[in-house]
*Asks:* 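Pasting a structure here, questions to come.
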Protein chains: 2
Amino acid sequence: MDKTLLSGSTALLVLKLLEEGDKYGYQMIEELRRRSDDTFSLKAGTLYPLLHSLEQKGYITAWEENSDSARPRRYYHLTDAGKAQLAEKETEWRTYAGAMLRVLEGGACLA
Amino acid sequence: MDKTLLSGSTALLVLKLLEEGDKYGYQMIEELRRRSDDTFSLKAGTLYPLLHSLEQKGYITAWEENSDSARPRRYYHLTDAGKAQLAEKETEWRTYAGAMLRVLEGGACLA
DNA sequence: TTGACATATATCGACTACCAATATATTATA
DNA sequence: TATAATATATTGGTAGTCGATATATGTCAA
């Protein structure tokens with residue numbers, strides 16, 4: 001898969017996952033891979049900086065799992081601002097995909 | 001529109017337009033804008049370097065319009081290699097869009 | 001006629017997004 | 001004991017897009 005195709009939609013994917021409930025980074029990577037049938041394999045080097053930036057913008061908040069053992073997990077929670085941003089990004093993506101299909105199918109059966 | 005959404009699919013759009021017949025740069029910008037209902041407004045600073053790179057890769061060839069007056073137009077023609085690349089890119093995009101929809105609709109009616 | 005705008009191609013610098021590589025730390029398995 | 005999976009994080013590099021700018025011509029209105 002061309003990685004640049006994902007450009008811009010990564011934030012949308014992350015916000016969408018968090019709409020269903022609080023999740024931690026590693027979990028999101030696994031879930032995205034599974035739900036997209038291995039089409040999306042989001043890299044840690046992409047996700048963690050993205051999570052920090054979304055937090056800074058107020059779209060998500062973080063809370064640390066209270067665990068005695070193991071590496072602690074940072075769970076993320078979608079804020080109201082995040083929900084608004086999600087709605088906007090989703091509309092934007094559907095507009096883009098629709099326009100794309102229109103171009104791809106515009107000259108299909110004329111030649 | 002988030003410009004990064006377009007990332008990676010610009011080459012696909014250009015190859016698709018050329019599948020219908022030879023076209024010149026400015027014409028492609030106008031046609032894309034029209035066919036996408038103003039969703040795509042490809043910039044000259046994006047298109048011309050892209051055309052050069054597609055030519056270098058052998059996906060398209062260029063021929064100069066023989067005009068006495070006016071600024072001459074550089075028409076581009078899709079090669080066989082370009083047609084193969086187009087098919088591959090188109091499949092790739094549909095895979096990506098399908099996976100995207102699967103994630104977006106995965107948790108839609110459960111909450 | 002002069003200035004503004006559309007046509008038409010081209011390049012450069014800046015910004016953003018993504019990834020590979022690397023680092024760190026724990027647990028489970030061989 | 002060492003290899004892999006879990007889990008988060010940072011850095012450096014690459015690629016794609018745009019804004020600004022440059023150049024050159026044709027058209028239309030003030």
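In what follows, every chain begins at residue 1, and chains take the letters A, B, ... in the order their sequences are listed.
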*Asks:* Find the distance Leu47(A):CG to dT10(D):P and express it as a whole number of Å.
*Replies:*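 One finds 12 Å between P of dT10(D) and CG of Leu47(A), rounded.
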*Asks:* So, does Arg35(B) use its side chain to make a donor-acceptor pair with the main chain of Val103(A) at under 3.5 Å?
*Replies:*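 Indeed, once roles are kept as given, a pair shorter than 3.5 Å links the two residues.
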*Asks:* Choose from dA17(C), dA7(D), dT9(C) the nucleotide whose nearest atom is closest to any side-chain atom of Ser7(A).
*Replies:*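 For Ser7(A), the side-chain atoms sit closest to dA17(C).
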*Asks:* Is the backbone of Tyr59(A) close enough, under 3.5 Å, to the side chain of Thr79(A) for a donor and an acceptor to pair up by distance?
*Replies:*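 Yes; judged by distance alone, with no hydrogens or angles, the pair exists.
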*Asks:* For a quick test of reading the model: is some side-chain N or O of Tyr48(A) closer than 4.0 Å to OP1 or OP2 of dT10(D)?
*Replies:*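 Looking at the OP1 and OP2 atoms of dT10(D), neither is under 4.0 Å from any side-chain N or O of Tyr48(A).
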*Asks:* What do the steps show when you test Tyr96(B) against Ser9(A) for side-chain hydrogen bond (donor to acceptor under 3.5 Å, both in side chains), and what is the final call?
*Replies:* CA-CA 11 Å; Tyr96(B) 151 78; Ser9(A) 35; 3.1 Å; yes
*Asks:* Taking CG from Leu50(B) and C1' from dT17(D), how many angstroms apart are they, rounded to a whole number?
*Replies:*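 Rounded to the whole Å, the gap is 11 Å.
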*Asks:* Output the rounded distance in Å from CZ (Arg73(B)) to C1' (dT23(D)).
*Replies:*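 The answer, rounded to whole Å, is 18 Å.
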*Asks:* Between Thr91(B) and Lys89(B), does any side-chain donor sit less than 3.5 Å from a side-chain acceptor?
*Replies:*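 Side chains of Thr91(B) and Lys89(B): no pair found under 3.5 Å.
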*Asks:* Answer whether the closest heavy-atom distance between the side chains of Ile29(A) and Lys43(A) falls below 4.5 Å.
*Replies:*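 No, too far: nothing below the 4.5 Å cut-off.
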*Asks:* Leu12(B) has an atom CG; how far is it from atom P of dT17(D), in whole Å?
*Replies:*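 Rounded to whole Å, this separation is 11 Å.
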*Asks:* Grab the CD-C1' distance between Glu31(A) and dA7(D) for me, whole Å please.
*Replies:*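 Atom CD in Glu31(A) sits about 16 Å away from atom C1' in dA7(D).
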*Asks:* Can you check the Leu54(B) CG to dT17(D) P distance for me, whole Å?
*Replies:*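 Distance check: Leu54(B) CG to dT17(D) P gives 11 Å.
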*Asks:* So Tyr75(A) and Trp63(A), would you call those rings parallel, tilted or perpendicular, with 30° and 60° as cut-offs?
*Replies:*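 Ring orientation of Tyr75(A) relative to Trp63(A): parallel.
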*Asks:* Strictly under 3.5 Å: I want the nitrogen or oxygen pairs between protein and nucleotides 18-22 of chain D, one per line.
*Replies:*
{"residue": "dC18(D)", "atom": "OP2", "partner": "Thr46(B)", "partner atom": "OG1", "Å": "2.7"}

*Asks:* Any side-chain N or O of Arg74(A) below 4.0 angstrom from OP1/OP2 of dT8(D)?
*Replies:*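 No, no such contact exists.
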*Asks:* Toward the 5' end of DNA chain D, which comes first, Ala11(B) or Glu30(A), by nearest nucleotide?
*Replies:*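 It is Glu30(A) whose nearest nucleotide is closer to the 5' end.
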*Asks:* How does DNA chain C look in dot-bracket notation if pairs are Watson-Crick or G-U with both distances under 3.5 Å, crossing ones as [ ], other-strand ones as |?
*Replies:* ||||||||||||||||||||||||||||||
*Asks:* Hey, are the side chains of Thr39(A) and Met1(A) touching, using non-hydrogen atoms and a 4.5 Å cut-off?
*Replies:*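 Side chain of Thr39(A) against side chain of Met1(A), heavy atoms only: contact under 4.5 Å found.
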*Asks:* Rounding to an integer number of Å, can you tell me how far Tyr75(B) OH sits from dA8(C) P?
*Replies:*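 Tyr75(B) atom OH is separated from dA8(C) atom P by 8 Å.
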*Asks:* For the residue pair Tyr76(B) and Asp22(B), establish whether any side-chain heavy-atom pair is separated by less than 4.5 Å.
*Replies:*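 Tyr76(B) does not reach Asp22(B) side chain to side chain.
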*Asks:* Are any of His52(B)'s side-chain N or O atoms less than 4.0 Å away from OP1 or OP2 of dT11(C)?
*Replies:*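 Yes, within the criterion.
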*Asks:* If you count every heavy atom of other residues, nucleotides or ligands that lies below 6.0 Å from Glu64(A) atom CD, does the total exceed 12?
*Replies:*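 Yes, because the 6.0 Å sphere around CD of Glu64(A) holds more than 12 heavy atoms from other groups.
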*Asks:* Nearest whole angstrom, please: distance from the C1' of dT9(C) to the CD1 of Ile29(B).
*Replies:*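 Atom CD1 in Ile29(B) sits about 9 Å away from atom C1' in dT9(C).
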*Asks:* Report the nucleotide, chosen from dT6(D), dA17(C), dT7(C), that has the shortest atom-to-atom distance to any side-chain atom of Tyr26(B).
*Replies:*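 Selected nucleotide (nearest to the side chain): dT7(C).
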